[in-house]
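Starting from 1, each residue takes its place in the sequence as its number.
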Amino acid sequence: MEKCHPSDFQRVRPWGKIGDMKNDGYLKSQRKLFQVYAPNDLSANKTISKIEEDFNGALPFWEKYFDNWVFVHNSRSGLGPEVTMKLLHWSSVKDLKMLY
């Protein structure tokens, strides 16, 4: 993201006890908040739990700054149907656009 948007993307790193407040990066011009998840093995239950925890955890800190929440993962073969369905469901019930 920094290469594509060198003057706009803000990397957020964990900072002591407060961590990163569920924000791994922010693209200011597009009001996009990024959450990265890169385990060695993806499982549906753990991935869904991680998405719920990170999305809901970001809201108290960042909700007024973003309109798009982006879930970034490292699975080259894609997400399983359970995870995809859950993301689609959340996208339909939240005021925010969830991208993945």
Side-chain angles (χ1 to χ4, degrees):
M1 292 304 297
E2 289 171 331
K3 287 185 180 184
C4 293
H5 306 279
S7 63
D8 193 23
F9 182 76
Q10 300 171 354
R11 185 188 316 193
V12 179
R13 71 178 181 98
W15 195 266
K17 292 180 182 180
I18 63 170
D20 60 14
M21 297 179 177
K22 306 302 182 186
N23 177 353
D24 291 325
Y26 181 67
L27 190 56
K28 187 175 181 179
S29 66
Q30 297 179 29
R31 296 180 49 88
K32 283 185 182 178
L33 187 86
F34 293 85
Q35 184 61 47
V36 178
Y37 185 51
N40 290 327
D41 295 307
L42 285 176
S43 78
N45 288 338
K46 286 183 182 179
T47 303
I48 290 169
S49 292
K50 177 69 171 160
I51 293 167
E52 281 183 327
E53 174 188 330
D54 289 345
F55 179 76
N56 291 323
L59 292 176
F61 304 108
W62 308 106
E63 184 173 18
K64 65 183 175 183
Y65 302 108
F66 73 95
D67 299 315
N68 299 289
W69 185 83
V70 183
F71 176 67
V72 181
H73 60 85
N74 65 340
S75 177
R76 291 180 185 243
S77 58
L79 297 171
E82 303 100 319
V83 177
T84 302
M85 287 177 67
K86 194 66 162 176
L87 284 166
L88 290 170
H89 170 73
W90 284 327
S91 294
S92 69
V93 297
K94 301 287 184 187
D95 268 346
L96 303 164
K97 184 183 276 184
M98 299 176 82
L99 307 168
Y100 53 95

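With respect to Asp8 and Lys28, no salt bridge is recorded, no charged nitrogen being found less than 4.0 Å from a carboxylate O.
The two residues Lys64 and Arg31 come nearest to each other via the heavy atoms O-NH2, 3.1 Å. Between Pro60 and Gly57, the shortest heavy-atom distance links the atoms CD-O, 3.3 Å.
Two residues are said to be in side-chain contact when any heavy atoms from C-beta on lie closer than 4.5 Å; Arg13 and Asp20 fail this criterion. Counting heavy atoms from C-beta outward, Pro39 and Asn74 have side chains that approach closer than 4.5 Å. Counting only heavy atoms from C-beta outward, the side chains of Arg11 and Tyr26 never approach each other to under 4.5 Å. Side-chain contact check for Ile51 versus Val83: some heavy-atom pair is nearer than 4.5 Å. Here the side chains of Phe61 and Lys22 are not in contact, with every heavy-atom distance at 4.5 Å or above.
Without hydrogens or angle criteria, Asn68 side chain to Leu33 main chain gives no donor-acceptor distance under 3.5 Å.
Rounding to the nearest 0.5 Å gives a distance of 9.0 Å between CZ of Phe71 and CH2 of Trp90. Residue Ile48 holds its CD1 atom at 14.0 Å from CD of Glu53, rounded to the nearest 0.5 Å. Atom-to-atom distance recorded for Met1:CE and Cys4:SG is 6.0 Å, nearest 0.5 angstrom.
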(request) Verify side chain to side chain contact (heavy atoms under 4.5 Å, CB included) between Trp15 and Met21, making sure each step is shown before the conclusion. (result) CA-CA 9 Å; Trp15 195 266; Met21 297 179 177; over 6 Å; no
(request) Step by step, work out the side chain to side chain contact (heavy atoms under 4.5 Å, CB included) result for Gln30 and His5. (result) CA-CA 11 Å; Gln30 297 179 29; His5 306 279; 4.0 Å; yes
(request) In sequence, state the C-alpha distance, the side-chain angles, and the governing distance for Asp54 and Tyr37, and then conclude on side chain to side chain contact (heavy atoms under 4.5 Å, CB included). (result) CA-CA 10 Å; Asp54 289 345; Tyr37 185 51; 5.7 Å; no
(request) Kindly indicate, with the supporting measurements, whether the criterion side chain to side chain contact (heavy atoms under 4.5 Å, CB included) is fulfilled by Leu79 and His73. (result) CA-CA 9 Å; Leu79 297 171; His73 60 85; 3.6 Å; yes
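Placement of Phe55 and Val12 in two distinct hydrophobic clusters is found when ILVMFWY residues are connected by side-chain heavy-atom separations under 4.5 Å, directly or transitively. Under the 4.5 Å side-chain contact rule for hydrophobic residues, Leu27 and Val36 share a cluster.
The number of heavy atoms from other shown groups lying within 6.0 Å of CG (Asn45) does not exceed 12.
The ring pair (Phe, Tyr, Trp, His ring centres under 6.0 Å) search around Phe34 returns Phe9, not counting sequence neighbours. Shown here are the salt bridge (Lys or Arg N to Asp or Glu O under 4.0 Å) partners of Glu82, two or more places apart in sequence or in another chain: there are none.
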